[in-house]
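Heads up, the thing below is written out as structure tokens.
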Amino acid sequence: MNDGAWNTPVSPGDDSRRAAAPNGSGARPHDGTALVAEALRSRREQLAQRWADATPFRAVYVAGRDAAVGAAHRLVDALAEVAGSGHCADPSAPGFERVRPQLAEMLAERGAAGATAAQLGAEVAELRHALLALVRDHASHEGGDAGDAVVAAMELVGTLRLVAMETVLDRDAGIIARQRQEILDTATPVLRLWDGVLAVPLIGTLDSARSQVMTEALLEGIVEQRAEVAILDITGVPMVDTVVAQHLMRTATAVRLMGATCVLSGIRPQIAQTIAALGIDLGGIRTRSTLADALAWALRHIGAPAGG
Amino acid sequence: MLELDGVLLASVQTELTDATVVALQEDLLDRAAATGADGVVIDVSAVEIIDSYLARVLTEITLAVRMLAARTVVAGMRPAVAVTLVEMGLDLPEVETARSSAHALEMLARR
Amino acid sequence: MGGAPGAPTVLPIRSDGDLIRVRRAAREAAVRAGMSLAEQTRMITASSELARNALVHGGGGRVEISDVTRPGRRGVRMVFLDEGPGIPDVARALTDGFSTGTGLGLGLGGARRLVEEFRVDSRPGRGTTVTIVSWSRSPT
């Protein structure tokens with residue numbers, strides 16, 4: 001881990017070395033990125049006041065302007081840290097990490113108010129106007145290259161926008177995963193038809209995620225209810241192909257490994273024909289044409305008193 | 001290992017090294033041969049995972065016990081274990097199963 | 001906590017007893033990732049298969065376990081490394097071979113079916129690295 005030691009005799013922190021890297025010859029005091037960092041630090045208050053009136057802050061911190069200014073301060077500080085580290089184009093720069101939660105909160109609020117992802121991106125990009133004006137002003141006072149500084153500032157805002165969009169995507173991915181799980185859970189009820197007899201009425205397509213959830217729920221049900229027979233009813237399944245058949249076979253096998261018996265019911269004539277035509281071997285699974293037939297078989301199997 | 005009415009009942013512990021599995025297999029077959037048991041029940045309700053090694057040993061025991069003219073029933077497999085075995089493609093076609101040891105003893109008594 | 005990003009837990013695979021320790025560590029990582037019991041069991045079973053492969057066919061090695069995240073989800077990565085003879089034909093080693101009994105077939109092929117991401121890097125004489133990743137179905 002000492003491969004970099006030869007060119008850093010005074011052993012400064014990692015940051016100073018990285019900041020120097022873009023120029024190769026070490027950080028000149030007034031290169032664009034350094035100028036932006038300086039501008040953000042020395043004119044922190046001025047920029048925060050301007051940003052507090054821009055949409056992302058004004059529309060979110062409605063309780064009072066102080067809160068908006070406070071939030072804007074945190075963003076200015078974060079960008080100053082990013083620019084100071086010389087990583088204007090890196091969305092994973094530590095400075096950005098500090099404001100991610102705040103950005104996520106702000107954008108979630110805007111999203112709840114009806115703003116689309118494209119609008120959110122545009123609103124974040126709007127912040128550049130105040131920043132660019134300030135950077136130009138600072139450069140002309142300090143005698144640096146305003147062009148370089150503006151390019152660096154544009155790059156910084158572009159990366160900020162990317163970070164903002166990432167927080168939106170992260171949130172959406174979380175919501176989608178949660179909703180998907182809820183749908184899976186509610187789409188596969190395990191019904192107790194009789195003492196010792198369970199049934200799962202399958203409706204719609206049976207993909208592997210759903211098949212997994214269904215199988216796990218059924219097996220847990222077998223344990224809880226001390227069930228001897230599990231009926232898989234496919235009356236509501238529009239199509240059985242080799243993949244679906246394989247899922248059904250696996251479920252039946254898992255039921256068998258638990259010491260219970262699986263019965264497949266609700267096989268309509270067309271589906272029976274498809275299964276035969278595809279050459280799928282459902283051997284090993286007991287089948288019945290209707291759920292009622294399957295239940296009748298189950299009751300005989302467990303020796304339940306004939307109820308009529 | 002218990003012996004009840006011509007049936008050997010072995011409970012498998014939670015965490016097994018491969019060496020323990022081999023010892024169990026040998027022990028079980030020795031006892032089955034020595035006692036002339038009609039049946040062997042292997043209770044796996046405490047077992048949290050069955051990998052291909054243990055699955056193979058369960059099949060081997062079943063086949064060996066069959067040669068001794070007796071039946072083997074694997075009892076009490078946990079749902080997560082059953083699902084995992086099936087997903088690995090290990091259907092244990094030779095192995096008889098029961099929901100619990102009590103269920104297994106009942107099955108063996110029936111015939 | 002040994003599961004911070006970039007700081008994997010490293011365990012040796014030198015003996016029968018190590019397999020148990022690998023399974024325990026796999027379980028702990030799976031629980032940290034919020035996996036359901038069935039998901040934990042898949043992960044632990046896969047780790048058991050691959051650790052045994054490293055021990056029996058690779059002459060021993062080690063495993064590196066890390067927590068991983070992606071938007072809305074948490075998971076576990078396990079990397080099994082050995083310096084054994086390597087696998088000359090990975091594709092063939094992955095096909096199931098219950099009948100042969102001693103082959104790699106079930107270990108590798110079975111483990112692959114239990115995880116979402118699976119990669120084998122093996123060069124004859126240079127050892128084998130198997131990387132698996134599994135994700136928790138329940139959102140963070």
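As a basis for the values below, the full set of heavy atoms in this structure was taken, side chains included, without hydrogen atoms, waters or symmetry mates. Every chain is numbered from 1, with letters handed out A, B, ... down the list of sequences.
- The two residues C:R113 and B:M88 come nearest to each other via the heavy atoms NH1-O, 3.3 Å.
- Nearest approach of B:A80 to C:A38, heavy atoms of both residues: CB-CA, 3.8 Å.
- Counting heavy atoms of neighbouring residues, nucleotides and ligands inside a 6.0 Å radius, atom CD of C:E83 does not exceed 12 of them.
- With a 4.5 Å cut-off on side-chain heavy atoms, B:R78 and C:L37 do not count as touching.
- Pairs passing the salt bridge (Lys or Arg N to Asp or Glu O under 4.0 Å) check and including a residue from residues 120-134 of chain C, sequence neighbours excluded, read C:R119-C:D121.
- Applying the side chain to side chain donor-acceptor pair (under 3.5 Å) rule to C:S36 yields the partners C:E39; only residues at least two apart in sequence or on another chain are considered.
- B:L85 does not touch chain C: none of its heavy atoms, backbone or side chain, sits under 4.5 Å away.
- Residue C:R112: no heavy atom, backbone or side chain, is found under 4.5 Å from chain B.
- A salt bridge links B:E48 and C:R27; the closest N-O separation between the charged side-chain nitrogens and carboxylate oxygens is under 4.0 Å.
- For C:A26, the side-chain contact (heavy atoms from CB on, under 4.5 Å) partners two or more places apart in sequence, or in a different chain, are C:I44, C:S47, C:M78.
- With respect to C:T41, the side chain to side chain contact (heavy atoms under 4.5 Å, CB included) criterion is satisfied by exactly one of B:I49, B:V83, B:I50: B:I49.
- Proximity to chain C at a heavy-atom threshold of 4.5 Å picks out B:E15, B:L16, B:T17, B:D18, B:A19 from residues 6-23 of chain B, in numerical order.
- In terms of heavy atoms, C:G107 sits closest to B:S52 at N-OG, 4.4 Å.
- In this structure, OG1 on B:T84 lies 6.0 Å from CZ on C:R42, to the nearest 0.5 angstrom.
- Open room surrounds CG on B:D5; 12 or fewer heavy atoms of other groups in view lie less than 6.0 Å from it.
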